Novice: 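One structure coming up, written as structure tokens, with questions to follow.
Since the model is a prediction, treat every value here as computed from it, not as a measurement.
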Amino acid sequence: MDIHISIAGAKHFSYAEEICDIMEEAAKQRGTGIAKRAPEYIQSKMEQGKAIIAIDQDNRDFAGFCYIENWDHDRYIANSGLIVHPHYRKLGLARKIKQRIFELSRDKYPDAKIFGITTSMAVMKINSDMGYKPVTFSELTQDEEFWEGCQSCPNYDILTNEDRKDCLCTGMLYDPEKEEDSPPQQTAQDKDKRWEQFKRFVRLHKISFKRKTKSLFNLYPDKQ
């Protein structure tokens with residue numbers, strides 16, 4: 001199997017609809033996340049050179065994808081829509097695509113903070129290894145357009161009830177200014193330590209969120 005990972009361009013437009021369909025199906029299976037993107041939106045990211053695509057060179061089939069979104073006048077960058085085709089999962093492809101889109105983001109926007117929100121522990125582990133740290137939502141972009149994009153998520157009412165301060169997702173942030181003070185090469189031990197701290201944050205976040213949810217139900221018993 002020969003899978004080639006590259007910056008997407010106009011020659012990849014024909015894959016846009018399939019990418020959108022797989023994103024939608026994955027969101028349904030998770031029960032969280034952005035449910036649907038239009039093929040035209042995906043094509044615009046390809047045309048702008050803000051996407052990474054993986055193609056199986058043996059049969060030209062689509063294998064994986066991820067794209068860049070800009071917020072707050074390029075002060076914040078999100079690597080969004082990470083998806084791997086079901087036929088190519090469990091091959092480590094998601095990590096490779098994530099690494100390439102991260103490098104592309106750093107090249108295009110070296111001063112920007114790179115962030116994401118997710119419920120996936122697998123994505124959190126990949127991000128942790130690349131230097132992301134778990135953060136509260138207040139440390140993420142406050143661009144209204146970004147948060148409006150959460151409206152298609154089935155948990156959007158939870159986000160709004162929390163005044164956008166919390167949700168089921170965990171916020172993650174890579175701050176280039178802070179990372180410049182870190183050692184240039186991370187050892188496996190460094191990554192393991194970072195990941196343990198990351199998991200501790202997630203556990204505490206879940207405990208806190210359950211308590212707040214329980215309190216909400218006690219205040220409004222008709223919601224149970």
Side-chain angles (χ1 to χ4, degrees), residues 23 26-35 66 69 71 76-84 89-90 92-99 101-102 105 113-142 146-147 149-179 181-183 186-221 223-224:
M23 282 182 179
K28 288 179 180 178
Q29 291 175 3
R30 292 193 309 268
T32 60
I34 307 307
C66 193
E69 290 185 302
W71 309 103
Y76 287 87
I77 301 297
N79 295 159
S80 303
L82 175 64
I83 191 70
V84 174
R89 290 173 185 167
K90 297 184 179 180
L93 188 55
R95 179 178 291 273
K96 294 177 181 178
I97 294 173
K98 200 75 168 65
Q99 184 64 45
I101 196 71
F102 179 79
S105 299
K113 295 179 180 180
I114 307 175
F115 76 99
I117 58 174
T118 186
T119 57
S120 169
M121 291 300 290
V123 172
M124 291 182 208
K125 178 62 170 70
I126 294 172
N127 286 352
S128 175
D129 287 347
M130 290 192 298
Y132 285 73
K133 295 178 180 177
V135 296
T136 61
F137 281 14
S138 64
E139 297 178 66
L140 305 179
T141 178
Q142 298 306 304
F146 170 77
W147 297 103
C150 293
Q151 290 181 12
S152 58
C153 177
N155 299 313
Y156 184 67
D157 60 330
I158 298 175
L159 180 68
T160 55
N161 286 337
E162 290 292 321
D163 295 325
R164 266 183 8 201
K165 295 177 181 177
D166 207 353
C167 197
L168 297 182
C169 285
T170 295
M172 304 163 292
L173 184 72
Y174 176 91
D175 187 338
E177 289 187 3
K178 293 181 179 179
E179 290 304 315
D181 297 330
S182 302
Q186 287 191 74
T187 65
Q189 187 175 5
D190 292 332
K191 291 182 179 181
D192 289 343
K193 183 178 180 180
R194 183 194 291 269
W195 178 231
E196 288 304 318
Q197 293 172 337
F198 203 117
K199 288 192 293 184
R200 183 173 182 274
F201 179 97
V202 174
R203 286 195 298 270
L204 292 174
H205 170 254
K206 287 182 178 179
I207 292 171
S208 174
F209 193 79
K210 284 181 180 179
R211 286 175 178 169
K212 285 190 289 185
T213 303
K214 186 176 181 180
S215 298
L216 178 65
F217 283 149
N218 288 336
L219 286 171
Y220 305 101
K223 291 190 177 185
Q224 298 187 56

Novice: Tell me, please, which residues at least two apart from S128 pass side chain to side chain donor-acceptor pair (under 3.5 Å).
Specialist: none
Novice: Check side chain to side chain donor-acceptor pair (under 3.5 Å) between S120 and all other residues, then give those that pass, not counting sequence neighbours.
Specialist: none
Novice: Not counting sequence neighbours, which residues clear salt bridge (Lys or Arg N to Asp or Glu O under 4.0 Å) with K199? List them please.
Specialist: E196
Novice: Using the salt bridge (Lys or Arg N to Asp or Glu O under 4.0 Å) criterion, which residues pair with K125? Sequence neighbours excluded.
Specialist: D129
Novice: Please find the pair of heavy atoms, one from C66 and one from S80, that lie closest to each other, and give the distance.
Specialist: SG-O, 3.2 Å
Novice: Has D190 got a side-chain atom pairing as donor or acceptor with T187's backbone, closer than 3.5 angstrom?
Specialist: yes
Novice: Taking atom CZ as the centre, does R89 end up with more than 12 heavy-atom neighbours from other residues, nucleotides or ligands that are less than 6.0 angstrom away?
Specialist: yes
Novice: Heavy atoms, side chains only, cut-off 4.5 Å: are Y132 and I126 in contact?
Specialist: no
Novice: Name all residues meeting the side-chain contact (heavy atoms from CB on, under 4.5 Å) criterion together with K113; count only those two or more places apart in sequence or in a different chain, and write none if there are none.
Specialist: Y76, L173, D175, P176
Novice: Can you name the closest pair of heavy atoms from L82 and K98 and give their distance?
Specialist: CD2-CD, 3.7 Å
Novice: If I compare all heavy atoms of F137 with all of T170, which pair ends up nearest, and what's the gap?
Specialist: CE1-C, 4.3 Å
Novice: Could you tell me which residues satisfy ring-ring contact (aromatic ring centres under 6.0 Å, His included) with F146, sequence neighbours excluded, listed by chain and number?
Specialist: W71, F115
Novice: Return the minimal non-hydrogen interatomic distance between M172 and L140, and the atom names on each side.
Specialist: O-CD2, 3.9 Å
Novice: Quick check: closest heavy atoms across P134 and F201, and the distance to 0.1 Å?
Specialist: CB-CD2, 3.2 Å
Novice: Only counting residues at least two apart or in another chain, list the ones meeting side chain to side chain donor-acceptor pair (under 3.5 Å) with T118.
Specialist: none
Novice: Between the side chain of W147 and the main-chain N/O of T160, is any donor-acceptor distance below 3.5 Å?
Specialist: no
Novice: Please enumerate all residues that pass side-chain contact (heavy atoms from CB on, under 4.5 Å) together with Q99, with sequence neighbours excluded.
Specialist: F102, E103, M130
Novice: Where do C150 and L159 come nearest, in terms of heavy atoms and distance?
Specialist: CB-CD2, 4.0 Å
Novice: To the nearest 0.5 Å, tell me how far Q197 CD sits from D192 CG.
Specialist: 11.5 Å
